[in-house]
Undergrad: 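Could you have a look at this structure, given as structure tokens, before my questions?
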Amino acid sequence: KRVGPLSTRQQQYMQNIYGSAQHILKLANDLLELAQDDVGRRTFFAEEFSPLAVLEEVSALMAPQAENKGITFSVEGEPRLPPMRGDLHQFRQILLNLVSNALKFTADRGEVTVAAHLRDPGTLAVSVRDNGIGIRPEDRQRIFDPFGRGQNAVASRIPGVGLGLTLAKRLVELQGGEISVESEGENRGSTFTFTLPVTPPAPVFPSGGIGPGTPTPPRSGSQPAPS
């Protein structure tokens, strides 16, 4: 049976339904990722890739979300940034989670910048900087815990479940790297920085459930985890 064009209200309903379905899908995927960690089935696939190319890919994926909020979204990478060896899927997932968080916690017409450079010949540093709601000093460790959220994020009623940063931290540590956050306080923005060895040693399995497992074929796509 044919129907006419949707009204403005019907289109909004459809967008709300689609958005809710996407959120549930991302939540389910992230819970599965964390469940793999807890049973020690996280896998690591080392391959050579261009970090700058991944930055550009993530920029293209997240650009529509930035445009919807009028956020100035930019990527700054050293033109001669060399290839690195690591897990491409996990590197992409880390970036997606951090950029998704930055866009979500930045008000309309704000700014988000992703930058990458070599801290030394063997270490890549990537930072995601925003001028959003910021993080209180007492929340800077808790936000990396499962379901941990900053008090100002809760008070602002910004939706999220507190899993995106947990997964990002575990993936960074799995590749032998570190992640940190800097913020001058509430409404002063935040900068998340992670470092990775350009050529990692054997996978590092941090505390929190990650352990060696039987490799499975790597996945080609990624989605930002709900935060």
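Residue numbers start at 1 and run along the sequence shown. As the structure is a computational prediction, the values presented were derived from the model and not from experiment.
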Undergrad: For Arg142, check salt bridge (Lys or Arg N to Asp or Glu O under 4.0 Å) against everything at least two apart and list the hits.
TA: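 Residues passing salt bridge (Lys or Arg N to Asp or Glu O under 4.0 Å) with Arg142: Asp139.
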Undergrad: Flag the pair Glu48 and Arg85 as a salt bridge only when some basic side-chain nitrogen lies within less than 4.0 angstrom of an acidic carboxylate oxygen.
TA: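 Looking at Glu48 and Arg85, the cut-off is not met.
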Undergrad: Any donor-acceptor pair under 3.5 Å linking the side chain of Thr166 with the backbone of Phe144?
TA: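 Between the backbone of Phe144 and the side chain of Thr166 there is a qualifying donor-acceptor contact (under 3.5 Å).
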Undergrad: With a 3.5 Å cut-off and no angle check, do the side chains of Asn97 and Ser100 form a donor-acceptor pair?
TA: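 No, Ser100 and Asn97 have no side-chain donor paired with an acceptor closer than 3.5 Å.
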Undergrad: For Ser50, enumerate each residue passing the side-chain contact (heavy atoms from CB on, under 4.5 Å) test, keeping only those at least two apart in sequence or located in another chain.
TA: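 In terms of side-chain contact (heavy atoms from CB on, under 4.5 Å), with neighbours along the sequence ignored, Ser50 is linked to Leu52, Ala53.
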Undergrad: Tell me the side-chain hydrogen bond (donor to acceptor under 3.5 Å, both in side chains) pairs involving residues 67-78, sequence neighbours left out?
TA: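 For residues 67-78: Ser74-Thr113.
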Undergrad: Quick one: pull up CE in Met84 and OG1 in Thr123 and give me the separation to the nearest 0.5 Å.
TA: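 So the gap between those two atoms works out to 9.5 Å.
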Undergrad: Determine yes or no for a side-chain-to-main-chain donor-acceptor pair under 3.5 angstrom, with Thr195 supplying the side chain and Gly177 the backbone.
TA: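 Not confirmed, Thr195 side chain does not pair with Gly177 backbone.
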Undergrad: Going from CD on Glu173 to CG on Leu196, what distance comes out if it is rounded to the nearest 0.5 angstrom?
TA: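 Separation between the atoms: 11.0 Å.
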Undergrad: Grab the two heavy atoms, one from Arg170 and one from Pro146, that are nearest each other, plus how far apart they are.
TA: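 In terms of heavy atoms, the two residues are closest at NH2-CG, 4.1 Å.
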Undergrad: List for me each residue that meets side-chain contact (heavy atoms from CB on, under 4.5 Å) alongside Gln141, sequence neighbours excluded, and say none if there are none.
TA: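 For Gln141 there are no side-chain contact (heavy atoms from CB on, under 4.5 Å) partners, ignoring immediate neighbours.
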Undergrad: With a cut-off of 3.5 Å and sequence neighbours excluded, list every side-chain donor-acceptor pair involving residues 125-133.
TA:
from: Asp130; atom 1: OD1; to: Gly132; atom 2: N; distance (Å): 2.8
from: Asp130; atom 1: OD1; to: Ser190; atom 2: N; distance (Å): 3.3
from: Asn131; atom 1: OD1; to: Glu111; atom 2: N; distance (Å): 2.9

Undergrad: Enumerate the residue pairs fulfilling salt bridge (charged side-chain N to carboxylate O under 4.0 Å, His left out) with a member in residues 188-198, sequence neighbours excluded, ordered by first and then second residue.
TA: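 Qualifying pairs: Glu184-Arg188.
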Undergrad: What's the spacing between Gln175 CD and Asp87 CG if we round to 0.5 Å?
TA: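 Result: 5.5 Å between the selected atoms.
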Undergrad: Roughly how far apart are Ile94 CD1 and His89 NE2, rounded to 0.5 Å?
TA: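 The NE2 atom of His89 is 9.5 Å from CD1 of Ile94, to the nearest 0.5 Å.
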Undergrad: With sequence neighbours excluded, what pairs up with Val54 under the side-chain contact (heavy atoms from CB on, under 4.5 Å) test?
TA: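 If we apply the side-chain contact (heavy atoms from CB on, under 4.5 Å) test to Val54, skipping adjacent residues, the hits are Phe49, Val58, Leu88, Phe91, Arg92, Leu95.
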Undergrad: From Phe194 CZ over to Glu178 CD, what is the distance, rounded to the nearest 0.5 angstrom?
TA: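 Atom-to-atom, Phe194:CZ and Glu178:CD are 13.0 Å apart.
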Undergrad: Please report the closest heavy-atom contact between Pro121 and Val198, naming both atoms and the distance.
TA: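 Answer, listing the atom of Pro121 first, then Val198: O-CG2, 4.1 Å.
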Undergrad: Mind checking what makes side-chain contact (heavy atoms from CB on, under 4.5 Å) contact with Ser7, not counting sequence neighbours?
TA: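 Checked Ser7 against side-chain contact (heavy atoms from CB on, under 4.5 Å); matches are Arg9, Gln10.
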Undergrad: Check Thr191, Thr193, Ile135, Leu165 against Val181 for a side chain to side chain contact (heavy atoms under 4.5 Å, CB included) and give me the one that passes.
TA: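 Passing option: Ile135.
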